> 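What follows is a single structure, and I will ask about it in a moment.
These values consider heavy atoms only, across backbone and side chains, with no hydrogens, waters or symmetry-generated copies. Note that this is a predicted model, so its numbers are computed, not measured.
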Amino acid sequence: MTGTPSTDRPDVTLVIASRNRRDDLLATLPRHEVPVVLVDNGSTDGTVAAVREAHPDVTVLPLERNEGARARTLGAARAGTPFVAFADDDSWWAPGDLARAVTLLRAHPRLALINARILVGPEERVDPVCTEMAGSPLGTAPDLPGPSLLGFVACGSIVRTAAFEAVGGFDPVVRFPGEEERLALDLAAAGWGLAYVDSLTVHHHPSPRRDAPRRRQAGIWRSRVLTAVMRHGVTDVAGVLGAAVRSGRPGLEGLVRAVPDLPAALRRRRRIPAEVRADLRRLAGEPA
């Protein structure tokens with residue numbers, strides 16, 4: 001049952017940001033084992049009313065407009081628990097795994113974020129990004145429970161709320177998709193660890209209501225450009241811009257979509273430290 005009330009203060013809350021996916025939510029909400037905060041990004045399909053009627057135990061935070069990934073930050077603030085897990089409207093954590101994730105976070109004080117293994121679709125294929133995470137060139141630090149990361153997949157992650165909020169959570173500049181990179185860089189820059197833990201599982205059954213692949217790729221390039229402007233040196237920014245141009249139409253569309261937000265990105269500019277940049281280069285297979 002979703003978000004079963006308890007007299008004890010919960011350790012973890014599940015935050016979901018959603019827009020116009022009422023049917024997906026109504027199918028997945030019963031699968032969650034912990035209290036849920038649903039942040040509705042200005043849906044026009046009756047999501048808020050439907051969820052309140054079907055799941056009165058869910059805390060619904062309706063927004064007047066689409067705030068993108070920042071909706072998760074607002075949800076985390078409403079949660080008020082020491083740990084916050086994320087899910088999409090088409091994903092859910094395996095039974096018992098959120099409790100196990102909290103135990104790992106408590107046992108590893110430097111750990112800010114865990115990315116679980118993500119199984120995709122009814123056939124439960126391992127998401128290829130998880131295969132990459134499992135083989136992270138950064139190795140496994142002695143004080144972390146799995147391979148070190150400098151990126152993650154939001155719907156498969158759980159965070160230490162204090163660390164998440166200290167670096168600003170998801171910001172209003174980088175929206176969807178590709179919103180995780182800037183947050184991961186800032187956590188690492190602040191000295192926190194991020195780890196992949198293969199023994200934890202998230203199920204993801206992608207919604208049929210998704211952006212077309214080319215539009216999604218353009219969105220990812222937009223996020224890459226804005227993140228680079230906010231956190232990378234001039235040479236690396238130029239490299240990202242060049243890669244976007246060389247990628248063809250999606251990259252060019254992403255550049256165009258990034259332009260209106262460049263002033264906001266520049267106002268938030270803060271270069272990552274050299275050691276984090278070196279780890280990024282290791283992940284890319286480049287000399288540090």
> Taking all heavy atoms of Gly146 and all of Ala195, pick out the closest pair and write down the distance.
O-CB, 3.7 Å
> How long is the gap from OG1 on Thr28 to NE2 on His204, to the nearest 0.5 Å?
10.0 Å
> Decide yes or no on side-chain contact (heavy atoms from CB on, under 4.5 Å) for Val245 and Leu252, but give the supporting numbers first.
CA-CA 6 Å; Val245 171; Leu252 292 171; 4.2 Å; yes
> Is there a donor-acceptor pair under 3.5 Å between the side chain of Glu180 and the backbone N or O of Ala154?
yes
> Could you note down all residue pairs passing salt bridge (charged side-chain N to carboxylate O under 4.0 Å, His left out) where residues 147-171 supplies at least one of them, sequence neighbours left out?
Asp171-Arg182
> Are Val39 and Val173 connected in the hydrophobic side-chain network, where two residues link if heavy atoms are under 4.5 Å apart?
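Each belongs to a different hydrophobic cluster.
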> Working to the nearest 0.5 angstrom, can you tell me the gap between Asn20 CG and Asn66 CG?
9.0 Å
> So, for Trp192 and Ala112, which heavy atoms are closest and what is the spacing to 0.1 Å?
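What the structure gives for the nearest pair is CB-CB, 3.5 Å.
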> Same cluster for Leu63 and Val84 if Ile/Leu/Val/Met/Phe/Trp/Tyr side chains link at under 4.5 Å?
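Yes; Val84 is reachable from Leu63 via cluster members.
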> Would you say the side chain of Ile158 lies within less than 4.5 Å of the side chain of Leu113, judging by non-hydrogen atoms?
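No. Closest side-chain heavy atoms not under 4.5 Å.
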> For residues 114-126, which residue pairs pass the salt bridge (charged side-chain N to carboxylate O under 4.0 Å, His left out) check, not counting sequence neighbours?
Glu123-Arg125
> According to a hydrophobic-cluster definition based on side-chain heavy atoms being under 4.5 Å apart (Ile, Leu, Val, Met, Phe, Trp, Tyr only), do Ile272 and Val237 belong together?
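No.
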> Taking the side chain as every heavy atom from C-beta outward, state whether Arg257 and Val225 have any pair of such atoms under 4.5 Å apart.
no
> Only pairs at least two apart or in different chains count here, so list each ring pair (Phe, Tyr, Trp, His ring centres under 6.0 Å) that has a residue in residues 167-187.
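The answer is Phe86-Phe170, Phe164-Phe170.
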> How close do Val229 and Leu266 get, counting heavy atoms only, and between which atoms?
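Result for this residue pair: CG1-CD2, 3.6 Å.
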> With heavy-atom distances below 4.5 Å as the criterion, would you say the side chains of Arg78 and Leu74 are in contact?
no
> Walk me through it: do Leu98 and Glu33 pass the test side-chain contact (heavy atoms from CB on, under 4.5 Å)?
CA-CA 8 Å; Leu98 279 175; Glu33 298 182 321; 5.6 Å; no
> Starting at OG1 of Thr47, measure out to CG of Asp89 and round the result to the nearest 0.5 Å.
8.5 Å
> Using a 4.5 Å cut-off on heavy atoms from C-beta on, say whether the side chain of Met133 contacts that of Asp198.
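A side-chain contact is absent here, since even the closest heavy-atom pair is not under 4.5 Å.
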> Hey, could you give me the OG1/CZ distance between Thr59 and Arg52, rounded to the nearest 0.5 Å?
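One finds 10.0 Å between OG1 of Thr59 and CZ of Arg52.
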> What's the shortest heavy-atom distance between Ala17 and Arg72, and which atoms?
CB-CG, 4.0 Å
> Looking at every non-hydrogen atom in both residues, tell me the closest pair between Pro273 and Ala189 and how far apart they are.
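Shortest heavy-atom separation between Pro273 and Ala189 comes out as CD-CB, 3.5 Å.
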> Check step by step if salt bridge (charged side-chain N to carboxylate O under 4.0 Å, His left out) holds for Asp88 and Arg21.
CA-CA 10 Å; Asp88 286 345; Arg21 290 200 185 164; 5.9 Å; no
> State, yes or no, whether a side-chain contact exists between Trp93 and Leu14 at a heavy-atom distance under 4.5 Å.
yes
> If hydrophobic clusters are built by linking Ile, Leu, Val, Met, Phe, Trp and Tyr wherever their side-chain heavy atoms come under 4.5 Å apart, do Val240 and Ile220 end up in the same one?
no
> Please say yes or no: joined through hydrophobic side-chain contacts below 4.5 Å, possibly via intermediate residues, are Leu183 and Met230 part of one cluster?
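As far as the 4.5 Å side-chain criterion goes, Met230 and Leu183 are not connected within one cluster.
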> Kindly indicate whether the side chain of Leu262, heavy atoms from C-beta on, has any atom under 4.5 Å from the side chain of Leu226.
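Contact flag for Leu262/Leu226 side chains = yes.
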> Where do His32 and Ser91 come nearest, in terms of heavy atoms and distance?
CE1-O, 3.4 Å
> Between His108 and Asp143, do the side chains contain a donor N or O and an acceptor N or O under 3.5 Å apart?
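No pair is found: no donor N or O on one side chain lies under 3.5 Å from an acceptor on the other.
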> Applying salt bridge (Lys or Arg N to Asp or Glu O under 4.0 Å), name anything that partners Asp11, two or more places apart in sequence or on another chain.
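By the salt bridge (Lys or Arg N to Asp or Glu O under 4.0 Å) rule, Asp11 matches Arg106.
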> With sequence neighbours excluded, what pairs up with Arg65 under the side-chain hydrogen bond (donor to acceptor under 3.5 Å, both in side chains) test?
Glu67
> Sequence neighbours left out, what pairs pass side chain to side chain donor-acceptor pair (under 3.5 Å) with at least one residue falling in residues 223-232?
Asp186-Arg231
> Between Glu253 and Arg249, does the salt bridge (charged side-chain N to carboxylate O under 4.0 Å, His left out) criterion hold? Intermediate values first, please.
CA-CA 6 Å; Glu253 288 183 6; Arg249 187 167 180 178; 3.0 Å; yes
> Rounded to the nearest 0.5 Å, what's the gap from CG on Asn115 to OG on Ser136? Could you check?
11.5 Å
> Salt bridge between Asp236 and Arg277, side-chain N to carboxylate O under 4.0 Å?
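Salt bridge between Asp236 and Arg277, a charged N being under 4.0 Å from a carboxylate O: yes.
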> Less than 4.5 Å apart, side chain to side chain, heavy atoms only: is that true for Leu200 and Leu104?
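Side chain of Leu200 against side chain of Leu104, heavy atoms only: contact under 4.5 Å found.
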> I'd like to know whether CZ of Arg271 has more than 12 heavy-atom contacts from other residues, nucleotides or ligands below 6.0 angstrom.
no
> Got a second to check how far Ile16's CD1 is from Asn41's CG, nearest 0.5 Å?
12.5 Å
> Heavy atoms, side chains only, cut-off 4.5 Å: are Trp92 and His205 in contact?
yes
